[in-house]
S.K.: 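Structure below; questions to follow.
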Amino acid sequence: MKVQSYLSFEGRCDEAIAFYKKALGAEVVQLMRYSEAPASGGPEGHAEAGCAGGMPGPDKVMHSVLRVGQTELMLSDGSCSGHAEFKGIMLSLSAGNDADVRKWFDALADGGQVIQPLTPTFFTTSFGMLSDRFGVGWLLVADPAVA
């Protein structure tokens, strides 16, 4: 069994992809726009794709996969409501050293909100929490076993 995160950026997926590529060195593995879906006679001639609410424009991201380190995250524009909410969940990013934790923490914090500044704790040399500019929660920790 495999559990993966699927994040809906409600109309800001292209912006999120660019941000994570710059901040974390993420690699786009797959990107499919609504315009690429087979026509089904929908209001704009592209597939309904099972979305609730109004149909996103053809240029919006229907599905994408980003590789961040050894992890794949799935992302989309969702129904493009403009109101992405990521409540009650955080993505945990483990780095092999304090320098990488600091680099990624600072990059993700750009335009976001720091919840717990990076600090040494009883369980690691660097630990911090933040919400990035899209509201995605991140927990960053130094873990020498990752190196």
S.K.: Closer than 4.0 angstrom, basic N to acidic O: yes or no for R12 and E15?
M.R.: yes

S.K.: Could you pull out every donor-acceptor pair under 3.5 Å between side chains of residues 101-114 and any protein atom, sequence neighbours left out?
M.R.:
from: R102; atom 1: NH1; to: D106; atom 2: OD1; distance (Å): 3.0
from: D110; atom 1: OD2; to: R133; atom 2: NH2; distance (Å): 3.1

S.K.: Has the side chain of T124 got a donor or acceptor atom that lies under 3.5 Å from a matching backbone atom of A142?
M.R.: yes

S.K.: Does L7 belong to the same Ile/Leu/Val/Met/Phe/Trp/Tyr cluster as M129, with side-chain heavy atoms less than 4.5 Å apart forming each link?
M.R.: no

S.K.: Would a 4.5 Å heavy-atom cut-off, applied to side chains only, mark V68 and L91 as touching?
M.R.: no

S.K.: Do P120 and S126 make a side-chain contact, defined as non-hydrogen atoms from C-beta onward lying under 4.5 Å apart?
M.R.: no

S.K.: Taking all atoms of both residues into account, what is the closest heavy-atom pair of R33 and D59, and its distance?
M.R.: NH1-O, 2.7 Å

S.K.: Where is the tightest heavy-atom contact between E10 and S8, given as atom of each residue plus distance?
M.R.: OE2-OG, 2.6 Å

S.K.: Are V61 and Y34 grouped together when hydrophobic residues (ILVMFWY) are joined by side-chain heavy atoms under 4.5 angstrom apart?
M.R.: no

S.K.: Scan residues 87-96 for pairs that pass side chain to side chain donor-acceptor pair (under 3.5 Å), counting only residues two or more places apart or in two chains.
M.R.: E85-K87

S.K.: Taking distance alone, no hydrogens or angles, what donor-acceptor pairs closer than 3.5 Å link side-chain atoms of residues 19-32 to residues at least two apart or in another chain?
M.R.:
from: Y20; atom 1: OH; to: D132; atom 2: OD2; distance (Å): 2.4
from: Q30; atom 1: OE1; to: H63; atom 2: NE2; distance (Å): 3.4

S.K.: Please find the pair of heavy atoms, one from M90 and one from L130, that lie closest to each other, and give the distance.
M.R.: CE-O, 4.1 Å

S.K.: Take C13 and S64 through the test side-chain contact (heavy atoms from CB on, under 4.5 Å) and record every step on the way to the result.
M.R.: CA-CA 9 Å; C13 194; S64 64; 4.0 Å; yes

S.K.: Going by ring-ring contact (aromatic ring centres under 6.0 Å, His included), F86 matches just one of Y6, F134, F9. Which one?
M.R.: F9

S.K.: Does the pair L66 and I17 meet the rule for a side-chain contact (heavy atoms from CB on, under 4.5 Å), with working shown?
M.R.: CA-CA 8 Å; L66 285 185; I17 289 170; 4.1 Å; yes

S.K.: Carefully, step by step, assess L118 and F127 under the rule side-chain contact (heavy atoms from CB on, under 4.5 Å).
M.R.: CA-CA 5 Å; L118 278 180; F127 172 80; 5.7 Å; no

S.K.: Say you draw a straight line from OG of S35 to CE of M62; how long is it, rounded to the nearest 0.5 Å?
M.R.: 9.0 Å

S.K.: Under 4.5 Å between side-chain heavy atoms, counting indirect links through other Ile/Leu/Val/Met/Phe/Trp/Tyr residues: same cluster for F123 and L140 or not?
M.R.: no

S.K.: Report yes if the side chains of P56 and D77 come closer than 4.5 Å at any heavy-atom pair, otherwise no.
M.R.: no

S.K.: Is it possible for you to say whether V3 and V65 belong to one hydrophobic cluster, with membership spreading through side-chain heavy-atom contacts below 4.5 Å?
M.R.: no

S.K.: Within the 4.5 Å heavy-atom criterion, are S131 and I115 side-chain neighbours or not?
M.R.: yes

